[in-house]
Protein chains: 2
Amino acid sequence: MTEQDTTLALAPRLAEELRDKLIAGELKPGQRLSEAALSVGMDVSRNSLREAFRLLTKEGLLRHEHNRGVFVATPSVASIIDIYRVRRTIECQALAKAYPNHPAVARMRLAVERARAARSDKDWGTVGSQNMVFHAAIVDLADSQRLNAFYAQIAAELRLSFGLLADPELLHAPYVDLNAAIVEKLEAGMTAEASAALEAYLTQSERTVLAAFSRIDERNPSGK
Amino acid sequence: MTEQDTTLALAPRLAEELRDKLIAGELKPGQRLSEAALSVGMDVSRNSLREAFRLLTKEGLLRHEHNRGVFVATPSVASIIDIYRVRRTIECQALAKAYPNHPAVARMRLAVERARAARSDKDWGTVGSQNMVFHAAIVDLADSQRLNAFYAQIAAELRLSFGLLADPELLHAPYVDLNAAIVEKLEAGMTAEASAALEAYLTQSERTVLAAFSRIDERNPSGK
DNA sequence: CAAATAAAATCGTTGAACAATCTTGACATA
DNA sequence: TATGTCAAGATTGTTCAACGATTTTATTTG
């Protein structure tokens with residue numbers, strides 16, 4: 001009974017598989033993805049693979065150049081700034097307008113607690129993924145499927161950038177307690193304060209990521 | 001020199017062509033799009049058409065059912081509520097954080113003036129499209145490519161819903177002056193007031209659309 | 001008239017083919 | 001040596017034909 005009953009379409013499955021590899025860093029920014037090579041590697045036809053490419057291109061994880069092929073998207077300072085702008089717009093508003101009994105609040109708290117436990121174990125991978133869960137839950141406060149889907153996409157793009165950065169401790173550890181403060185303010189009904197705290201959080205996080213990114217980028221300007 | 005030098009890829013062109021037909025109402029909600037029929041009708045291969053279908057499905061304009069084909073998305077009360085939730089989140093925040101000298105402000109004003117001119121001519125189509133321009137300009141205040149792209153998608157979905165509604169005068173005419181008031185507040189640096197006015201606008205517009213939509217929907221519950 | 005079954009249509013996916021375009025490398029020229 | 005030309009070679013863009021899988025329609029049967 002562990003198998004999938006509903007045979008999902010092939011292209012979305014391929015896209016998911018590729019997305020995982022992109023986020024895991026198995027496929028590196030700037031790298032070209034050969035249709036011929038990948039289609040035999042993944043044991044599917046070129047046509048099916050091209051459908052998957054189109055999906056991931058639309059998500060911003062791949063870049064498509066006509067008659068030249070698809071490449072893993074190369075994060076840039078501009079894209080990071082853009083992504084944080086999106087996050088501030090959506091997350092802060094979701095938090096400001098949230099009502100404190102929303103089911104997503106429980107998920108926020110749970111993510112905070114799990115992140116704290118992982119932090120004591122120095123399990124930075126889990127700290128990072130619980131941080132993602134926390135922010136996805138914030139967006140979920142707005143009760144909008146479309147915002148959720150859009151945010152998932154933005155988060156995947158951001159994780160592509162994170163892949164370039166070396167130090168997950170620096171990247172995620174400092175924010176566990178800030179997250180805790182946010183959820184506490186929210187639970188207390190202080191949505192405006194929670195939102196303000198989140199904005200400060202995001203600004204600080206953006207600065208950290210940009211600084212780390214610039215250090216990489218100036219050594220290796222074109223992302224090869 | 002009027003021709004396109006860069007031969008654009010086929011799939012995006014097909015997607016654009018279909019998108020236009022969807023928004024124009026040539027393809028009706030719930031209608032099934034046969035791969036075989038459409039591919040001969042548009043004189044392209046089934047494979048290319050399928051790539052275009054994937055794009056439009058990801059945009060929310062088409063719905064894909066495994067082994068059954070693609071259908072024109074059927075707007076629902078839930079989808080309209082969701083779309084307006086997105087609009088309030090993004091547009092109000094963009095306006096609240098805007099700075100009044102942003103180039104998009106000029107476009108907002110221009111759209112208002114054109115809409116007013118069109119209103120005196122009772123050219124409701126232009127009134128509607130200038131209204132779309134106005135709101136796209138608001139989102140542009142946030143200076144984010146990703147928000148712009150996302151909003152364009154949401155707007156297309158909303159226009160699909162509008163296609164079902166009969167009366168463009170009722171739908172757009174009352175909002176020309178509200179738009180004017182918003183741009184004036186913004187130009188005066190009163191971003192908070194502009195944002196509040198927009199929120200009231202959107203709530204009222206949502207109510208109008210939902211009311212009109214329910215009248216249609218109860219006569220024709222499952223969209224043909 | 002309902003249920004079961006057979007036939008037809010449609011989608012899902014593959015593989016091969018060929019045109020269009022880009023890349024590479026050899027070669028000639030200044 | 002540096003540079004520009006030009007012909008392979010490789011890769012993408014697109015089409016076509018085929019066939020298994022699934023759904024829909026039509027037919028038969030009880």
Side-chain angles (χ1 to χ4, degrees), chain A residues 3-19 21-22 27-74 222-224, chain B residues 3-19 21-22 27-74 222-224:
Chain A
E3 60 177 291
Q4 295 258 87
D5 265 351
T6 55
T7 306
L8 237 65
L10 183 53
R13 273 191 353 237
L14 291 176
E16 189 177 347
E17 191 173 340
L18 287 171
R19 201 181 296 118
K21 286 186 181 170
L22 288 166
L27 304 171
K28 299 202 170 60
Q31 177 181 347
R32 177 164 147 275
L33 302 184
S34 155
E35 292 186 354
L38 254 185
S39 64
V40 308
M42 303 180 80
D43 201 44
V44 296
S45 74
R46 260 180 76 206
N47 287 322
S48 300
L49 184 61
R50 283 171 60 88
E51 287 188 26
F53 279 172
R54 282 260 137 75
L55 295 177
L56 292 169
T57 299
K58 192 128 205 167
E59 291 179 22
L61 296 179
L62 297 180
R63 176 172 37 92
H64 192 165
E65 295 184 18
H66 193 59
N67 276 319
R68 293 186 19 100
V70 301
F71 304 78
V72 178
T74 306
S222 70
K224 156 60 198 303
Chain B
E3 59 177 293
Q4 295 258 87
D5 266 350
T6 55
T7 305
L8 237 66
L10 182 54
R13 273 191 355 237
L14 292 176
E16 188 177 347
E17 191 174 339
L18 287 170
R19 201 181 297 116
K21 287 187 181 171
L22 288 165
L27 303 172
K28 297 198 171 61
Q31 177 181 347
R32 177 165 147 274
L33 301 184
S34 155
E35 291 186 356
L38 255 185
S39 64
V40 307
M42 303 180 80
D43 201 46
V44 295
S45 73
R46 261 180 77 207
N47 288 324
S48 300
L49 185 60
R50 282 171 61 89
E51 288 188 25
F53 279 172
R54 293 270 183 224
L55 296 176
L56 292 168
T57 299
K58 193 127 202 163
E59 290 178 23
L61 297 180
L62 298 181
R63 177 172 37 92
H64 191 166
E65 296 184 17
H66 194 57
N67 276 318
R68 292 185 20 100
V70 302
F71 303 78
V72 179
T74 306
S222 68
K224 171 56 184 301

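Reminder, nothing fancy here: chain letters follow the sequence lines and each chain counts from 1. Side-chain atoms are counted along with the backbone in the values below, which use heavy atoms only and exclude waters and symmetry mates.
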Original post:
Taking atom P of D:dG13 as reference, at what distance in whole Å does atom CG of B:Leu14 sit?
Top reply: 14 Å
Subject >> Side chain A:Arg63, main chain A:Thr74, donor-acceptor under 3.5 Å >> reply: no
**OP:** Could you state the atom-to-atom distance from CZ of A:Phe71 to C1' of D:dT12 in whole Å?
**Re:** 11 Å
Original post:
How many angstroms lie between atom NE2 of A:His64 and atom CZ of A:Arg50, to the nearest 0.5 angstrom?
Top reply: 6.0 Å
Subject >> Student check: side-chain heavy atoms of A:Leu18 and A:Leu49 closer than 4.5 Å >> reply: yes
Subject >> Test item: B:Arg54 and A:Pro12 side chains (from C-beta on) under 4.5 Å apart, heavy atoms >> reply: yes
Subject >> B:Glu65 and B:Phe71, any side-chain heavy atoms less than 4.5 Å apart >> reply: yes
Original post:
Roughly how far, to the nearest 0.5 Å, is the CZ atom of A:Arg32 from the CG atom of A:Leu38?
Top reply: 10.0 Å
Subject >> A:Phe53 CZ - D:dT11 P separation (whole Å) >> reply: 14 Å
Subject >> Distance in angstrom units between A:Asn47 CG and C:dT13 P, rounded >> reply: 11 Å
**OP:** Could you check which residues of residues 37-45 of chain A get a heavy atom under 4.0 Å from DNA chain D? Sort them by number, please.
**Re:** none
Original post:
For the pair made of CG in B:Leu10 and P in C:dT21, what is the distance, rounded to whole Å?
Top reply: 14 Å
Original post:
To the nearest angstrom, how far is A:Leu49 atom CG from C:dG12 atom P?
Top reply: 17 Å
**OP:** Would you mind reporting whether B:Leu56 and B:Arg19 have side-chain heavy atoms less than 4.5 Å apart?
**Re:** yes
Kindly give the atom pairs (protein nitrogen or oxygen, nucleotide nitrogen or oxygen) under 3.5 Å for nucleotides 8-11 of chain C.
from   : atom 1 : to      : atom 2 : distance (Å)
C:dT10 : O3'    : B:Arg32 : NH2    : 2.6
C:dC11 : OP1    : B:Arg32 : NH2    : 3.1
C:dC11 : OP1    : B:Glu35 : N      : 3.3

Subject >> Beyond-backbone contact of B:Leu14 with B:Leu55, side-chain heavy atoms, under 4.5 angstrom >> reply: no
Original post:
What is the distance from CG of A:Leu8 to C1' of C:dG12, rounded to the nearest Å?
Top reply: 13 Å
